[in-house]
Amino acid sequence: MIYLDYSATTPVSYDVLESYLKATKDFPGNPNSLHSLGIKSKTLLNSATKQISELFNVLESEITFTSGATESNNMALVGTCLANMKSGNHIIVSKLEHPSIYKICEYLETIGFEISYVNNDQDGLVDFEDLRKLIRPETILVSICAVNSEAGIRQPLKMIRQIIKKENPQVFFHSDMTQAVGKTPVNFHDVDMASLSAHKIFGPKGIGLFYKNSRVKIEPLIHGSGKSNELKPGTPPLPLIVAFSKALRIALQDLDKKENFVKRLNEKIVSELSTLDGIILNQTKYSIPHILNLSLERIRPETLIHALEEFEIYIGTNTACASGELSTSVMALYNDRRRAMSTIRISISYVTTSDEINRFLAYFKNVYNKLNHLMDN
Ligand code: PMP
């Protein structure tokens, strides 16, 4: 099998699974219980949270564990809007967000919020001047993805933060960092809120993180009992949290080295596939090397994906959460509907080997040329 859909999800790594199993077996108590088993679990929960807070240089109280980035994005957008309605009803997002952000925006519109979509240039960079003009006294929140999930565009969050705060210091800044963490450096201090998900970094599915600094006012979306966290009541999923902490520690090690390795693999794929007739690269100078987006001029993306699957080669369409639909990001980049309807996404990880890429390229060219040939007849 050759798996090249790491941006959709990653397999759980062995060490992470070990942490999960150990926490499950040895820490059965509810961290909210008063007895010694509960206290033992609470101690482990505190230490996993502390490890994560130290990785990002933030306070433990600024971290909330969620079920994944979708939930974190909801907390960020809906939670901020509901808590700050008196200050305004306007929020700004980019045109390169994950579909979950757009779905939340649709909901927010139904309850009276106004959404503006900031423009970007052809390379995907947020248009700073447009952003500046869009910010007004009623603006309460700006949300910009750190790394776009479809074409891998990385945004300069620190610069964007400066623009926002200069224009209106009351505006909160959120970033969905799900595709950035473990691939490229991220800094929570560039933003007021951030969303992460463990299953993109060889952690388990069903656990994510919502960061918010202590200045942000959020309305809890979930109500219940449990003392651990006001935004996420209930029994904390201790084994998932411990496993997430392990996955993060591994993911953040040797980032430069891992990124350079992935860059070489990306360049190899680009140099070979860009010579094929009917393939257009949707990659800009701001794309991270882990995500390689292509449009097919003559073959339907699903036809190619299923043909490769016959050889146990797995690649994705634009984003796993919007498979088979128009790629909003490619549309935002090139304003070309045909190009945006025919995208495939090859996503690479530092665990990908050069041998896998060589074999992938051989199969890809073979399958692609056969399908292309069929179109001629
Ligand atoms: N945001 C981004 C940028 C993503 O890539 C994804 C996963 N495709 C999500 C949010 C949703 O994450 P989760 O599956 O953890 O809810």
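Values in this document were obtained by computation on a predicted structure and should not be read as measured data. For ligands, and for the atoms within them, numbers begin at 1 and follow the listed sequence.
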Modelled atom types, side-chain donor and acceptor of N119 and D127, under 3.5 Å: no
T9 versus K205, side-chain donor and acceptor atoms under 3.5 Å: yes
Residue portion contacting ligand 1 (non-hydrogen atoms closer than 4.0 Å) for A69: both
Proximity of T70 to ligand 1 by residue part, where a heavy atom lies under 4.0 Å: both
Ligand 1 contact on H199 by region, counting heavy-atom pairs under 4.0 Å: side chain
Polar contact flag for E71 and ligand 1 (N/O pairs, less than 3.5 Å): no
Proximity flag E97 to ligand 1, non-hydrogen atoms under 4.0 Å: no
Contact atoms of ligand 1, heavy-atom distance to S149 under 4.0 Å: 5 (O)
H90 side chain to T139 side chain, donor-acceptor N/O pair below 3.5 angstrom: yes
Polar contact flag, side-chain donor to acceptor under 3.5 angstrom, S13-D15: no
Donor-acceptor pair between S245 and Q51 side chains, under 3.5 angstrom: yes
Of D176, N73, N74, the residue whose pairing with S195 passes side chain to side chain donor-acceptor pair (under 3.5 Å): N73
Proximal ligand 1 atoms for K200, defined as those under 4.0 Å from one of its heavy atoms: 5 (O), 6 (C), 7 (C), 8 (N)
Face-on cation placement of K40 at F27 ring, 6.0 Å and 45° thresholds: yes
Ligand 1 atoms in contact with S197 (distance to a heavy atom under 4.0 Å): 13 (P), 15 (O)
Within-cut-off N or O pair, S100 and ligand 1, under 3.5 Å: no
